[in-house]
Every structure is written in structure tokens, then in C-alpha cells.
Amino acid sequence: DSLELCFFCRHSRLLLFFTLWLGVIFLAGFFHMNHLRPSHPQTNVMFLKTHKTASSTIMNILFRFAEKHNLTLALPAGQNYHLGYPHRFMAQFVEGFKTMGQSYNIMCNHMRFNLTEVRKVMPNTTTYFSILRNPVSLMESSYAYNKFFTPAFRRSKDVNEFLASPWTYYNMSEYTNNVHARNYMWFDFGYDNNAMDTEDYVQRVIAEIEQAFQLMLLTDYFDESMVLLKDTLGWELDDVVYFKLNSRSQDTIESMTPESKEKVKEWCSLDWKLYQHFNRTFWRRIQETIGLEKLDQEVNLLRMRQKELMELCLLDPVPIDKTKIKDKKLQPFQSGRANILGYNLKEDMANETLRTCLRLITPELQYMSYLYACQFPEKKRKSTAFSLRIGA
Ligand SMILES: Nc1ncnc2c1ncn2[C@@H]1O[C@H](COP(=O)(O)OS(=O)(=O)O)[C@@H](OP(=O)(O)O)[C@H]1O
């Protein structure tokens, strides 16, 4: 009998251990899946708007979210359209900073990042994120957009000629006028885009950026980025649905030779290393959080919702040339050789649909000017060529 009892004891103990072990695995899985997703939608957000990285599309997402939740934006003061770029950001570049202090919710205009000063404006609970693009396609985009502004670009015939011998056209003494031509992202993050590329320096900068930013998105995987953003901020799918803004007509996209593509990795080696690092961490994060299978499902849901909205809102199924935009107030800002595309809305939409659709296609300058007027009705409106009425 006592032998039987002992046998039972040993097995019941085993059973107990087994049950506990299963419980631990279950809880670990549960916390793993919910690792990133906060229980409430985050409303304090700082987005470093890097150049030519699809950042205007993200800005539109943030503007719509700000309106939906009646949030306060840290907008550029006075008639400015950016937060002091290319100077390093200072808190006083934000409209109302002296009286409003840290009571802003969203900051997303172009700036050259400066964490100490940003912290004076944004609450301590703020989530910081930004976006990086493959430096090869970024260079081509920047060349077209800044062709007549950047001295290094002005002096060369096209992007291939420039990259064949960049030092012929690039003059270090023209410093900030040339930032669009070399390590553009490195500069936007607040660092010296002409710095010597040494292992120690690069690792130190990457560690600093990693410390300041909780999330780094990739232009090249934009929809995957939107899923990760939604999860990190605890937002809804509809909050990150978008129409592509600031895209170019096919005829203003230059084809780069294989040599040019390779050259960018050397000429912009700081950006190349930055991009490579955050490309690795992006996919690691996906694996550690939602996983590839769920990511695919959510990307599909996002694309389906985007298609649905495009059919509801747009006259044409693709972005169109500026000359074809019927409402001139909805023309995007044009620059350099780039022919920046826009949209026409369908006619006779119901009021609520019109409100939604109009916001999705409103170019950044017009949208910002509108929000500035809403937030500071007593101040002089920002003088965009087109002042838009997209109000209630
Ligand atoms: N959703 C999405 N996915 C991928 N790429 C996208 C997306 N939205 C915009 N874009 C491309 O981003 C480029 C414009 O970037 P920005 O809006 O950051 O430009 S700007 O610095 O504010 O002028 C511009 O790139 P280029 O067309 O190569 O110039 C846009 O086409």
C-alpha cells in the first residue's frame, strides 16, 4: 500500500510540474504576442520626418489622427513650414512653445533632430519613431527633387554623372546646401554627414539613435511598417490606412546604372550602415512581436481597406499629373525635375465621405496650414499659395 501511495505521490508531483510548465509556456506566449501592443492608443508621438522617405504620407496619417482625437500639434512658428531645417532643432521653433511648454501631443514636421530640445517640447511619455529608405533609391529621388537647389546636383548632368565622380561636383565648403547629396538621413538625425566613417563612430551614433527612437520604419517595406506602427502605438487599422503622397511621374524617375548603385553605398556609407542596421532590427522586431504570418495577414487587410477607400474617393485609380488636378488647391508642391503627382476626388460625395476622402489626399503644406489656422485662429494664416477649407 505504502509503495502504491509513493508511486502516486511521485506521479502527482510530475503532473503538477507539467501543468506549471505548460502555464509558463502559455503566459510567455501571451506576453510575447502582446509585447508591443499598448492597451490604450498612444497619443504622444514624435515623428522625425526624414527627407524623401515617404515621410509626407506618414505626416498625413499623423495629421488625421490628431484631428480625430483633438490633439495638439507642435507646428512650426509663424510663416515657417518646417522646424528650422537645416539648423538643429530648437524648442522655440515651435509655435506657442513659451506658453504651452510640454503640452503638445504630436510633432512631425521636417527638422534636424536635437533630442535635448525636442524633450523640452514633448511630454516624457512620448513615443519616438522615424523612417529610413534604401540610400540608393533615396539618392535618385533626392537628385530629382533638389536638382536646381543643391550645388553638387546643379553642376552635374544627371544622377549617374554625379555618382561617377561625386568629388568633382561636391564642395565641402557649401556644407548645408549640399546635404541632399550625401548621407542625407545621417544629417536629418542631427549628425555630420561628412564625418569620417570609422567603426567606433558609426556604432556610437547608431546606439544613440537606437536609444532615442523606439521604432524605426522602412520606406521599402511601407505596408509592413504601417502594421508595426499600428501595433507599437496601439492604434486601429484605419488609423494607418493611407494614399501614397508625393510620388513622381515615371518619366522623372531616372534609371541608375549598376555602378551608380554600388557607388552610393560607398559615397553615402554612413547612411548605408544606418539603413543596414535598422533593416536588420526591423525584421528581428517583426519576428519577436507579431511574427511573419500575422504580418502578412495584416498587410493584406491594410491593402484591402486602402483599395476600398480608393474606389470610394478617387476619380482615377492611380496618382495623376499636376496638370490634370482639377482643384488647384489640391496640387502638391513641386520641386526640381520631379513631377509630383496628386489626386482628383469623385464628385457628389456625401459630406462625411468627402471629409474623409479630402483629408487622405490633401498635400502636406495645405493640410498643415489648415491645422495651424485651427489651432491658432488668432494668428496670421500660413501663406500657402492655396488656403484650403477642409473644415467640419
Ligand atoms: N507608401 C509609400 N511607399 C513607398 N514610397 C512612398 C510611399 N509614399 C510616398 N513614397 C515615396 O516617398 C518619396 C517622397 O518622400 P517624402 O514625402 O518624405 O518627401 S519630402 O522630403 O517630404 O519632400 C517619393 O519617392 P520618389 O517617387 O522616389 O521621389 C514617394 O514616391
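Along the sequence shown, residues carry numbers from 1. Only heavy atoms go into these numbers, but all of them, side chains included; no hydrogens, no water, no symmetry mates. Please read all numbers here as calculations on a predicted model, not as lab measurements. Ligands are counted one by one from 1 in listed order, and the atoms in each one are counted from 1 as well.
Residues Phe93 and Asn109 form no side-chain contact, since every pair of their non-hydrogen atoms from C-beta on lies 4.5 Å or further apart.
Against a heavy-atom cut-off of under 4.0 Å, Lys49 is close to the following atoms of ligand 1: 22 (O). Distances below 4.0 Å separate heavy atoms of Thr53 from the following atoms of ligand 1: 15 (O), 16 (P), 18 (O). Under a 4.0 Å criterion applied to the non-hydrogen atoms of Thr50, ligand 1 contributes the atoms 18 (O). Counting the atoms of ligand 1 from 1 in the order shown, those under 4.0 Å from a heavy atom of Tyr242 are 1 (N).
A donor-acceptor contact closer than 3.5 angstrom is absent between the side chains of Thr43 and His69. Between the side chains of Thr125 and Asn44, at least one donor-acceptor pair of N or O atoms lies under 3.5 Å.
In this structure, atom 9 (C) of ligand 1 lies nearest to the protein heavy atom Leu245 O, 3.1 Å. Summary of contacts: the protein heavy atom closest to atom 8 (N) of ligand 1 is Thr57 OG1, 2.9 Å. Ranking protein heavy atoms by distance to atom 17 (O) of ligand 1, first place goes to Ser56 OG, 2.6 Å. Summary of contacts: the protein heavy atom closest to atom 2 (C) of ligand 1 is Phe222 CG, 3.8 Å. The closest protein non-hydrogen atom to atom 23 (O) of ligand 1 is Lys52 NZ, 3.0 Å. For atom 18 (O) of ligand 1, the closest non-hydrogen atom of the protein is Ser55 OG, 2.6 Å. Looking only at heavy atoms of the protein, atom 25 (O) of ligand 1 is closest to Arg133 NH1, 3.2 Å.
Using a 4.0 Å cut-off between charged side-chain N and carboxylate O, Glu117 and Arg88 make no salt bridge. Salt bridge Asp197/Lys273: present, at least one basic N to carboxylate O contact under 4.0 Å.
A cation-pi arrangement is present between Lys52 and Tyr145, with the terminal nitrogen or guanidinium carbon under 6.0 Å from the aromatic centre and inside a 45° cone about the axis.
Partner of Cys108 under the side chain to side chain contact (heavy atoms under 4.5 Å, CB included) criterion, chosen from Glu364, Met46, Met59: Met59.
Only the side chain of Glu364 comes within 4.0 Å of ligand 1, judged by heavy-atom distances.
Ring orientation note: the planes of Tyr169 and Phe162 are tilted relative to one another, at an angle of 30° to 60°.
Under the 4.0 angstrom criterion for non-hydrogen atoms, Phe333 is not in contact with ligand 1. For the pair His110 and ligand 1, a heavy-atom separation below 4.0 Å is found.
Comparing Ser137, Pro363, Ala54, Ala144 by heavy-atom distance to atom 10 (N) of ligand 1, the nearest is Ala54. For atom 6 (C) of ligand 1, the nearest non-hydrogen atom from the set Lys244, Gln250, His180, Met226 belongs to Lys244. Closest heavy-atom approach to atom 14 (C) of ligand 1 within the set Leu138, Asn109, Asn246: this belongs to Asn246.
Under the 6.0 Å cut-off for aromatic ring centres, Tyr275 and Phe282 do not qualify, their centroids lying 6.0 Å or more apart. Ring-centre distance between Tyr372 and Phe376: below the 6.0 Å cut-off.
Note: His277 NE2 to Ile209 CD1 = 9.0 Å, rounded to the nearest 0.5 Å.
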